[in-house]
Chemist: 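Have a look at this one.
Quantities reported herein were computed from a predicted structural model and do not represent experimental measurements.
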Amino acid sequence: MASALPYDERYEDYSAITFCRRHASDHPLSPTGPARRVCIVLSGHQVLVTVGTPCTMSAVGSTETYQALVRGSADFIAMAAFDAGLIEFDDPGAEASAMRWVGGEHAGQPASLADIEARHGAQLRANLGIRRIDPSRLAPQQTVTDIAASLPHDLEEGGLRRLAGIRYDDVRGSALKDMYGLFQDEPLLSPSLQSQLFAYGALGALAGLPLPLAELVSNPYGFRVSAATAFGGMDSLAQWIRPDAPPPPEGIPRDRFAVRLASSLGSHGPALVSTMLAPAYSLSRTLKNPALRDSLRSDDPGYMRVPQTPLTAVGACASSLIALCDIAPQLLFDYPGFQRPKMALLTAADAGLQPRFGIFDGFGTGALMTSEKLAEVNAGHGPDAQRTVGESLAPFDVDANGTVVGNAGSGLLITTLDFALRNFLDISSIIVGWGQSGEAGGKAHFAGVGFGGENAMIHALDMAHQAHGYGVADFEYLVAHATGTRTNSKSDLNTAAAARAGAALRQGFKGPLPPMFVGTPKALGDGHTMGETGLKAISQALQYVLGKPAPGVPTLRQVDPELESSLVAFKLQKAPLQGHTDSGAVCATQGFGGYNGAVALRSANPAALARYQLDADVLAAYLERWPQLRKEREQRERAFRRGPKLALAMAERHRWHGEE
């Protein structure tokens, strides 16, 4: 093409994206000689960022408990005591707060770390993480395994509803009182454990916002929940799917509104979250007085003030990252008449252990860690090297011999860079790439990982390179799938290595790639949390790019000899990894049936933001306030997540108002 200007200075505008073509070195795949590297300067509307940090709940405990365990912090036991309902914080938002006992003979009296350790330390540790199941909780015929990663303490017997503030009396006495029927205390009519996890994790993520969501996004139709799950509400499902099941001792309650049916759906938890935030209109009052609905009309003629429908992705153990791949383009898509969300709440939850650990029979003994397998492993070790049950999930280790199933839920806020800057939201990372992929056919079963799944990570790395200018070597931390089987250990690293090699080839990268550090949240005590696992991986990748400690492979002792060839491309270590604020991380997940997902994150810092085409005044104002925004966001997340009734408090603070 003829041009009066040198090619390097030639710019062509396409909507919000500016392309600048520059000469690049010879590419081995170029059929015509020198390839042209495409440098793209994206506008703030075309860049996705995370806001704050994820809110999580798993077998280890809440967000604060998990991060304290990663850091090896002394206050870990205090966070565990808070999860268990033993103590409360005088000033939840403070990094170091005085504590008080909640119940018992010491109620209201000061509590110290030493007191908590002396009175409850052993019991708290025994009731969290990967552990043996109380035999009374197993079905009589259950003989597959007695090892699992259930929620800690009493959280599966009402404790999570206490922490979230979604017991019947909590809701009945709140601004959400008209929704009391969705939060009955009757076990068969209460929200399923999966729905409770969705409510806790998703609504807890809103703690990262400096203003109510209803102020940031004035029209609810600019908001969408994007959810992921591998299973439905298993505990509720069990109550109606088997007509021959023996009735509970207290009898079957009257279920006038198909509550058990609703709670059994995988879409129920995301719908519950969206409904708690939506403008509230009592059906009975509004039917009697239709004029009340006038306030439901939005400023956009014809549209009502309701959120967009929750998106629910089901992709086995890759569900979380597939949900991200589904919602990300919607936040960026520009098309006449299309109403793209201004903000999305990415959330995931699974309670696959419900009811009564029936999932074990589906897995079978081959894939699961069992007490018998653990005894065999320990038979090969000396008395000082015995693995405890908590260390039995051992990915990449010669002792890897099965996975451990866990229950968990998480939530994370996503929006565009432009929206975050203009509303002074603390940007915790830049989402520079995402990808999903199926696998080749010919498999005799769905449990094994097939061929071709590396496309998911290549896709994510391609986006990072072509859209953001980050090369394959700019990502040094891999949050691996790491289920704990020897087969998965190999497929995990082999797939990631193939993806990096493919991306390097496409980018014209010369020479060997620098090795990536590997981390796994599962081995720290979460177990394999099914469809939620990808979002928990993102939570730890975020810690790394924020410059915080992130998990290594905490149960690693001796690397599996069959992985020796992979150690050229990856670094495996037991100790936590210290992140830094100019770094990159990749999360990758694999699921039964050929589901694969990946996401690439980069640190958000002034230099990173300078890569994009932004309003200079908006950027300058943001950068001036950013350190204070970060400090306030961290304090706010602590205050709400260490405070009472997290989900209810967030719903009351952030919901859109209705008839009231």
Chemist: Could you tell me whether the side chain of Leu331 reaches within less than 4.5 Å of the side chain of Thr415, counting heavy atoms only?
Modeler: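 A side-chain contact under 4.5 Å is absent here.
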Chemist: The criterion is ring-ring contact (aromatic ring centres under 6.0 Å, His included); which residues satisfy it with Phe333, sequence neighbours excluded?
Modeler: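 Result, ring-ring contact (aromatic ring centres under 6.0 Å, His included) vs Phe333: Tyr335, Phe338.
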Chemist: Keeping Asp615 on the side-chain end and Val618 on the backbone end, is there a donor-acceptor pair under 3.5 Å?
Modeler: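 The answer is yes, because a donor-acceptor pair under 3.5 Å joins these two groups.
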Chemist: What's the verdict on ring pair (Phe, Tyr, Trp, His ring centres under 6.0 Å) for His268 and Phe198, showing C-alpha distance, side-chain angles and the deciding distance?
Modeler: CA-CA 9 Å; His268 183 266; Phe198 269 121; 9.6 Å; no
Chemist: Counting heavy atoms not belonging to Asp294, are there more than 12 under 6.0 Å from its CG?
Modeler: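 Atom CG in Asp294 is crowded, with more than 12 foreign heavy atoms closer than 6.0 Å.
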Chemist: Please name all residues satisfying salt bridge (charged side-chain N to carboxylate O under 4.0 Å, His left out) with Arg641, sequence neighbours left out, ordered by chain then number.
Modeler: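 Here the qualifying residues are Glu637.
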Chemist: Ignoring hydrogens and geometry, is there a side-chain-to-backbone donor-acceptor pair from His528 to Thr483 under 3.5 Å?
Modeler: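 Judged by distance alone, no pair lies under 3.5 Å.
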Chemist: Write down the atom of Ser428, the atom of Gly52, and the distance for their closest heavy-atom approach.
Modeler: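 For Ser428 versus Gly52, the nearest heavy atoms are OG-O, 2.6 Å.
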Chemist: Considering only heavy atoms from C-beta outward, does the side chain of Leu572 approach that of Leu567 to under 4.5 Å?
Modeler: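 Touching, per the 4.5 Å side-chain cut-off.
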Chemist: Taking side chain as C-beta onward, heavy atoms only, is Val51 less than 4.5 Å from Ile414?
Modeler: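 Not in contact.
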Chemist: Tell me whether the count of non-hydrogen atoms from other residues, nucleotides or ligands lying under 6.0 Å of CZ in Arg297 goes above 12.
Modeler: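 Not more than 12 within 6.0 Å, no.
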Chemist: Please tell me whether Glu476 and His580 have a donor and an acceptor in their side chains that are separated by less than 3.5 angstrom.
Modeler: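 Yes, a side-chain donor-acceptor pair sits under 3.5 Å.
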Chemist: Could you give the distance from CD (Gln507) to CD1 (Ile458), rounded to the nearest 0.5 Å?
Modeler: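 These two atoms lie 10.5 Å from each other.
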Chemist: CG/Leu421 to CZ/Arg625 distance, rounded to the nearest 0.5 angstrom?
Modeler: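 The distance works out to 12.0 Å.
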Chemist: Mind checking whether Leu321 and Ile538 have side chains closer than 4.5 Å, heavy atoms only?
Modeler: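 They are in side-chain contact.
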Chemist: What are the two closest heavy atoms between Asp492 and Ala482, and how far apart are they?
Modeler: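 Closest approach of Asp492 to Ala482, heavy atoms only: OD2-N, 2.6 Å.
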Chemist: Quick one: is the NZ or CZ of Lys571 closer than 6.0 Å to the six-membered ring centre of Tyr477, and within 45° of its axis?
Modeler: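 Lys571 over Tyr477 ring: no.
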Chemist: Considering non-hydrogen atoms only, spot the tightest contact between Ser218 and Pro220 and give its length.
Modeler: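 Nearest pair, atom of Ser218 first, then Pro220: O-CD, 3.6 Å.
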Chemist: To check you understand the geometry: which heavy-atom pair defines the closest contact between Gly643 and Pro92, and what is its length?
Modeler: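 Answer, listing the atom of Gly643 first, then Pro92: N-CB, 4.1 Å.
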Chemist: Could you tell me if Ser429 and Thr50 have a donor-acceptor pair between their side chains, going purely by distance under 3.5 Å?
Modeler: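 The criterion, which ignores hydrogens and geometry beyond distance, is satisfied for Ser429 and Thr50.
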Chemist: First locate atom CG of Leu412, then atom SG of Cys55, and finally report the distance between them rounded to the nearest 0.5 Å.
Modeler: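 One finds 10.5 Å between CG of Leu412 and SG of Cys55.
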Chemist: For Tyr66 and Arg71, which I'm curious about, is there any donor-acceptor pair between the side chains at under 3.5 Å?
Modeler: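 Tyr66 vs Arg71: no donor-acceptor pair found between side chains.
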Chemist: If you define the side chain from C-beta out and look only at heavy atoms, does anything of His45 sit under 4.5 Å from Arg340?
Modeler: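 When only atoms from C-beta onward are counted, Arg340 and His45 do touch, with a gap below 4.5 Å.
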Chemist: Does Thr53 reach the side chain of Arg633, with side-chain heavy atoms less than 4.5 Å apart?
Modeler: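 Yes. Closest side-chain heavy atoms under 4.5 Å.
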Chemist: Is the closest side-chain heavy-atom distance between Leu619 and Leu609 below 4.5 Å?
Modeler: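 When only atoms from C-beta onward are counted, Leu609 and Leu619 do touch, with a gap below 4.5 Å.
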Chemist: Not counting sequence neighbours, which residues clear salt bridge (charged side-chain N to carboxylate O under 4.0 Å, His left out) with Arg653? List them please.
Modeler: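 Arg653 satisfies salt bridge (charged side-chain N to carboxylate O under 4.0 Å, His left out) with no residue once adjacent residues are dropped.
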Chemist: Could you list the donor-acceptor pairs under 3.5 angstrom formed between side-chain atoms of residues 542-550 and any protein atom two or more places apart in sequence or on another chain?
Modeler:
none

Chemist: I need the Asp526 CG to Gln540 CD distance, nearest 0.5 Å.
Modeler: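 Answer for the CG-CD pair, Asp526 versus Gln540, is 8.0 Å.
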Chemist: Measure across Phe475 and Val586 and return the closest heavy-atom pair with its distance rounded to 0.1 Å.
Modeler: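 Taking Phe475 first and Val586 second, the nearest heavy atoms are CB-CG2, 3.8 Å.
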Chemist: When you look at Arg224 and Met343, which way does the side chain to side chain contact (heavy atoms under 4.5 Å, CB included) test go after all the steps?
Modeler: CA-CA 7 Å; Arg224 191 171 194 188; Met343 181 172 286; over 6 Å; no
Chemist: I need the single residue from Thr495, Leu478, Asn596 that forms a side-chain contact (heavy atoms from CB on, under 4.5 Å) with Met457. Which is it?
Modeler: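 Output: one option passes, namely Leu478.
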Chemist: Counting N and O atoms only, with roles assigned by atom type, does the side chain of Thr275 sit under 3.5 Å from a partner on the main chain of Leu272, one being a donor and the other an acceptor?
Modeler: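 No.
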Chemist: One thing to verify: whether Asp462 and Arg506 come together as a salt bridge, which I'm taking to mean a side-chain N less than 4.0 angstrom from a carboxylate O.
Modeler: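 A salt bridge links Arg506 with Asp462.
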Chemist: With side chain to side chain contact (heavy atoms under 4.5 Å, CB included) as the test, would you mind laying out the steps for Ser58 and Lys536 before giving the verdict?
Modeler: CA-CA 9 Å; Ser58 67; Lys536 187 56 177 282; 3.5 Å; yes
Chemist: For the CG atom of Leu461 and the CG atom of Asp474, what is their distance to the nearest 0.5 Å?
Modeler: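 These two atoms lie 10.0 Å from each other.
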Chemist: Testing the basics here: between Val47 and His468, what is the closest heavy-atom pair and its distance to 0.1 Å?
Modeler: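 For Val47 and His468, the tightest heavy-atom pair comes out as CG1-CE1, 4.1 Å.
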Chemist: Any heavy-atom pair between the side chains of Glu632 and Gln635 that's under 4.5 Å?
Modeler: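 No, their side chains stay 4.5 Å or more apart.
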Chemist: Once the angle between the rings of Phe223 and Trp656 is folded into 0 to 90°, is it parallel (under 30°), tilted (30 to 60°) or perpendicular (over 60°)?
Modeler: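 Tilted.
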Chemist: Applying side chain to side chain contact (heavy atoms under 4.5 Å, CB included), name anything that partners Thr416, two or more places apart in sequence or on another chain.
Modeler: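 Checked Thr416 against side chain to side chain contact (heavy atoms under 4.5 Å, CB included); matches are Leu48, Leu332, Asp418, Phe419.
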Chemist: Could you tell me whether a side-chain N or O of Ser226 sits under 3.5 Å from a main-chain N or O of Ala323, the two making a donor and an acceptor?
Modeler: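 It does hold such a pair.
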Chemist: Is Arg602 reaching over with its side chain to a backbone N or O of Ile430, donor-acceptor style, under 3.5 angstrom?
Modeler: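 It does not hold such a pair.
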Chemist: Could you tell me whether the side chains of Thr533 and Lys522 share a donor-acceptor contact shorter than 3.5 Å?
Modeler: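 Distance-only check passes for Thr533 and Lys522.
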Chemist: To the nearest 0.5 Å, how far apart are CD in Glu64 and OG1 in Thr56?
Modeler: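 Spacing of CD (Glu64) from OG1 (Thr56) equals 9.0 Å.
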Chemist: Going by atom types alone, do Asp350 and Thr229 pair a side-chain donor with an acceptor below 3.5 Å?
Modeler: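 Yes.
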Chemist: Salt bridge (Lys or Arg N to Asp or Glu O under 4.0 Å), that's the test. Do Asp299 and Arg305 meet it? Break it down for me.
Modeler: CA-CA 9 Å; Asp299 294 334; Arg305 292 190 312 112; over 6 Å; no
Chemist: Step through the shown structure and confirm whether more than 12 heavy atoms of other residues, nucleotides or ligands are within 6.0 Å of CZ on Phe570.
Modeler: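 Counting other residues, nucleotides and ligands, CZ of Phe570 exceeds 12 neighbours.
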Chemist: Indicate every side-chain donor-acceptor pair of residues 306-317 with a distance under 3.5 Å to a residue at least two apart or in another chain.
Modeler:
unit_1, atom_1, unit_2, atom_2, d
Gln308, NE2, Tyr221, O, 2.9
Gln308, NE2, Gln339, O, 3.0

Chemist: Counting N and O atoms only, with roles assigned by atom type, does the side chain of His654 sit under 3.5 Å from a partner on the main chain of Leu213, one being a donor and the other an acceptor?
Modeler: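 Such a contact is found between His654 side chain and Leu213 backbone.
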Chemist: Applying side chain to side chain contact (heavy atoms under 4.5 Å, CB included) to Val273 and Leu203, what does each step give before you reach the verdict?
Modeler: CA-CA 7 Å; Val273 171; Leu203 293 169; 4.1 Å; yes
Chemist: Looking only at atom types and distance, does a side-chain atom of Ser603 sit under 3.5 Å from a main-chain N or O of Asn605, one as donor and one as acceptor?
Modeler: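 No, because the side chain of Ser603 does not come within donor-acceptor range (under 3.5 Å) of the backbone of Asn605.
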Chemist: Side chain to side chain contact (heavy atoms under 4.5 Å, CB included) between Val225 and Thr347: does it pass, once the steps are laid out?
Modeler: CA-CA 7 Å; Val225 172; Thr347 181; 3.8 Å; yes
Chemist: Give me the ring orientation class for Trp626 and Tyr622: parallel if the planes are under 30° apart, tilted from 30 to 60°, perpendicular past 60°.
Modeler: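 Plane angle between 30° and 60°, so tilted.
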Chemist: Please check if the side chain of Arg655 supplies one atom and the backbone of Leu277 the other of a donor-acceptor pair under 3.5 Å.
Modeler: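 Not a single qualifying donor-acceptor pair exists.
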